[in-house]
Amino acid sequence: ANPDAAGLRELILRALKGVAQLCLVAYNVGYEDDGISLFVERILLRTLKFNLSVGLLFNLSLEVGGNAYRAMNLLEQACRNRYGVTRLVNVERGTRKNPGILVCGHDISVLEEVLKATEKQGVDVYTHDELYFAHAYADLMKYPHFAGNYGGARFRQKEEFAAFSGPIIVTSGTLEEPDPSYENRIYTTEPVFLPGVPNLTDDYTAVVAQAKESNPPTALQMGEHISGFTGDTLQQMTEGFVSAMKDGSLSKLLLLIGDDTGAASYFTSLCQNMPKTAAAMTLGSVKYRTMGLQLGTVRGMPRVMDAGGYAGLYSVLGTAMKFQEALGKFDLSGVPIRFFLSLDGCLSYAALLAVIYAGGKHIYISTRPDFLSDSLFSIFQKNFDLTLTTDAKEDLETVFRAQPAAEQGAIDVNMLIVDILEKYPEAAEILMSCGMSCVTCGSALYESLAEACMVHGLDPEDVKEVLDHELGLVPDEE
């Protein structure tokens, strides 16, 4: 089998699982998008039944990114319509005196039902792992017994579930074989199933009764962590971001996306060592690696901001596009944003492809997927500036290294198309008039002028001469 085709097929399937997970939560909230469902069916049929070329599979992976972006929008809008606007909130990280129920995973609809079932019952409700994002919704804030967030990411579940004392409901994600210390108080909801573990539908009576007989949870952390930098709040901050980028008080915005794994301390170091003119924004459970950091502010904005779960990436990328327009940049590569992804679960692969679909470049990934061949990985490196993380300090030096000033004068055939268009937007029309009709395509942008000319059977020196003269970079001959 072709290793490049096999690698792309695996990437597509993993990301599709992430898309399906987003859509399932949206469906449980009461919203669906038939277009995404049909797309998933079509892509599964094509990738599993037909022997597709590497080129077709590569294009399909970009389509998956587009539908991941669409699914994030679906879930974000579903939650906004049902649970109200998002607001900044200080999420409690400690515990209260009442017994509690711990709700884990992504399914905010289950959390809502548990909050309703425990009203005036003397039972508090806590979130775990990805459900942290739910604290920012206005209509869920009204429940006084919505106590806070307990513990951290799912890889710590055995020790944290043991410490909680009360019932635990797992709505999605990975559930490890329960430890004897909590095996009689753990439950699941669809699509999570484990032999011997009760699966709940819409009746939480037994869970509430068990909670009332439980001891209050043992505190694992103390204090608060601010969240809610997404949706409506992020829109209101756009002008401030742009102003700070223009005057240089915000030199870079680092977007930290993905899963908190046992090896994710890189992201803690990244935030601790970034320049004081930089800020970071977190999406996904990687946020747990930045909690407790006191790094001050930039122009009144915290230097570490949490934008919630994976669905929040839709708002963040949309805001980045507004930065692009306001700063007069040709694409997102010209915006002072760098992407750092902790790749682990299927949602993180969906996020990676969504970032690429939206035009994101300068992407650092925590690990190289073992299913990507050398040649395939080099394609992603070349087209999307994909880079493996190394040491946080070394990566920061690369990100913040001053770029040499662009030389004035004639075009160089080794310049990237995107750099030419960034500097001379009118060059797009000139290049197309020379016969390079796909000059603004995603992959073509990251070819040199010489490479792009070769694809179209053109002499790069001839095209360079046309550009130089029509852009006024060299004097016209008498």
**Asked** Tell me, which pairs form a side-chain hydrogen bond (donor to acceptor under 3.5 Å, both in side chains) where one or both residues lie in residues 221-232, sequence neighbours left out?
**Response** Glu76-Thr230, Arg80-Asp232, Ser227-Asp306

**Request:** Before accepting this row, confirm whether a basic side-chain N of the pair Arg96/Glu92 lies closer than 4.0 Å to the acidic partner's carboxylate O.
**Result:** yes

**Request:** Start with the C-alpha distance between Tyr126 and Phe164, add both sets of side-chain angles, then the distance that settles ring-ring contact (aromatic ring centres under 6.0 Å, His included), and finish with yes or no.
**Result:** CA-CA 10 Å; Tyr126 297 82; Phe164 186 74; 5.7 Å; yes

**Prompt:** Can you find a side-chain donor-acceptor pair between Thr390 and Asp395 that sits under 3.5 Å?
**Reply:** yes

**Message:** Taking the cut-offs as 6.0 angstrom to the six-membered ring centre and 45 degrees off its axis, would you call Arg14 and Tyr349 a cation-pi pair?
**Reply:** yes

**Prompt:** Which heavy atom in Leu270 sits nearest to a heavy atom in Leu396, and how many Å separate them?
**Reply:** O-CD1, 3.6 Å

**Request:** Go through the side-chain N and O atoms of Ser348 and Asp344 and say whether any donor and acceptor fall under 3.5 Å apart.
**Result:** no

**Asked** So, Asn149 versus Thr127: side-chain donor-acceptor pair below 3.5 Å or not?
**Response** yes

**Message:** Quick check on Arg87: does its CZ atom have over 12 non-hydrogen neighbours (other residues, nucleotides or ligands) under 6.0 Å away?
**Reply:** no

**Request:** Measure from NZ or CZ of Lys252 to the centre of the six-membered ring of Phe400, then state whether that distance is under 6.0 Å and the direction lies within 45° of the axis.
**Result:** yes

**Lys/Arg cation over aromatic Tyr150: Arg93, 6.0 Å, 45° cone** = no

**Message:** Salt bridge or not between Asp260 and Lys287? Use side-chain N to carboxylate O under 4.0 Å.
**Reply:** no

**Prompt:** If only atom types and distance count, is the side chain of Arg303 paired as donor or acceptor with the main-chain N or O of Ala280 below 3.5 Å?
**Reply:** no

**Prompt:** Is the number of heavy atoms from other residues, nucleotides or ligands under 6.0 Å of Asn51 CG greater than 12?
**Reply:** no

**Item:** Side chains of Thr47 and Arg9, donor plus acceptor under 3.5 Å
**Value:** no

**Request:** Using distance alone, with no hydrogens and no angle criterion, decide if His145 and Thr118 have a side-chain donor and acceptor under 3.5 Å apart.
**Result:** yes

**Message:** Side chains of Val114 and Lys116, heavy atoms from C-beta outward: is any pair under 4.5 Å?
**Reply:** no

**Message:** Once rounded to the nearest 0.5 Å, what's the spacing between atom CD1 of Ile12 and atom CG of Leu52?
**Reply:** 8.0 Å

**Prompt:** When rounded to the nearest 0.5 angstrom, what distance separates CE in Met281 from CZ in Phe229?
**Reply:** 7.5 Å

**Prompt:** Do Ser214 and Arg185 get their side chains close enough for a donor-acceptor pair, meaning under 3.5 Å?
**Reply:** no

**Item:** Residue pair Arg70, Glu63: steps toward the salt bridge (Lys or Arg N to Asp or Glu O under 4.0 Å) verdict
**Value:** CA-CA 11 Å; Arg70 182 172 170 177; Glu63 281 193 64; over 6 Å; no

**Fill in**
Here the pair of heavy atoms bringing Gln324 nearest to Val335 is CA-CG2, 3.5 Å

**Message:** Can a donor-acceptor pair be found, under 3.5 Å and without considering hydrogens, that links the side chain of Ser366 to the backbone of Leu343?
**Reply:** yes

**Message:** Does any part of the side chain of Asn28, heavy atoms only, come nearer than 4.5 Å to the side chain of Val110, both counted from C-beta?
**Reply:** no

**Message:** Using a 3.5 Å distance criterion without hydrogens, assess whether the side chain of Ser265 forms a donor-acceptor pair with backbone atoms of Thr268.
**Reply:** no

**Message:** Working note: His128 + Phe161, criterion ring-ring contact (aromatic ring centres under 6.0 Å, His included); need CA distance, chi angles, decisive distance, verdict.
**Reply:** CA-CA 10 Å; His128 184 268; Phe161 288 1; 5.4 Å; yes

**Item:** Between OH on residue Tyr31 and CG on residue Leu75, distance to nearest 0.5 Å
**Value:** 11.5 Å

**Request:** I would like to know whether Val197 and Val192 meet side-chain contact (heavy atoms from CB on, under 4.5 Å); could you show each step before the answer?
**Result:** CA-CA 10 Å; Val197 176; Val192 183; over 6 Å; no

**Request:** Considering only NZ, NE, NH1 and NH2 on the basic side and carboxylate oxygens on the acidic side, decide whether Asp374 and Arg368 come within less than 4.0 Å.
**Result:** yes

**Request:** With rounding to the nearest 0.5 Å, note down the distance linking CG in Leu347 to CG in Asp259.
**Result:** 7.5 Å

**Any donor-acceptor pair under 3.5 Å from Asp124 side chain to Ile101 backbone** = no

**Item:** Lys212 side chain vs Val207 backbone, donor-acceptor pair below 3.5 Å
**Value:** no

**Prompt:** Can you name the residues that form a ring-ring contact (aromatic ring centres under 6.0 Å, His included) with Tyr314, not counting sequence neighbours?
**Reply:** Tyr69

**Message:** Check this for me: Lys322, atom NZ, are more than 12 non-hydrogen atoms of other residues, nucleotides or ligands nearer than 6.0 Å?
**Reply:** yes

**Item:** CA sep, side-chain torsions, deciding dist, call: Ser109, Val25, side-chain contact (heavy atoms from CB on, under 4.5 Å)
**Value:** CA-CA 8 Å; Ser109 69; Val25 177; over 6 Å; no

**Asked** Should we count CD of Glu190 as having more than 12 external heavy atoms under 6.0 Å?
**Response** no

**Message:** Taking the ring centre of each residue, are Tyr357 and Phe384 less than 6.0 Å apart?
**Reply:** no

**Message:** For a quick test of reading the model, state the closest non-hydrogen atom pair linking Thr171 to Cys104 and the distance between them.
**Reply:** OG1-O, 2.7 Å

**Asked** Quick check: are there more than 12 heavy atoms from other residues, nucleotides or ligands sitting under 6.0 Å from CD of Glu239?
**Response** no

**Request:** Kindly check if the number of other-residue, nucleotide or ligand heavy atoms within 6.0 Å of NZ (Lys276) is above 12?
**Result:** no

**Asked** Between Phe339 and His362, is a ring-ring contact (aromatic ring centres under 6.0 Å, His included) present by the stated rule, with each step listed?
**Response** CA-CA 6 Å; Phe339 299 88; His362 313 304; 8.6 Å; no

**Prompt:** Donor-acceptor pair, Thr238 side chain versus Leu234 backbone, under 3.5 Å?
**Reply:** yes

**Item:** Distance (rounded to the nearest 0.5 Å) between Ser61 OG and Leu352 CG
**Value:** 9.0 Å

**Prompt:** Between Glu160 (side chain) and Gly152 (backbone), is there a donor-acceptor pair under 3.5 Å?
**Reply:** yes

**Asked** Which value, rounded to the nearest 0.5 Å, describes the distance between Thr188 atom OG1 and Ile168 atom CD1?
**Response** 12.5 Å

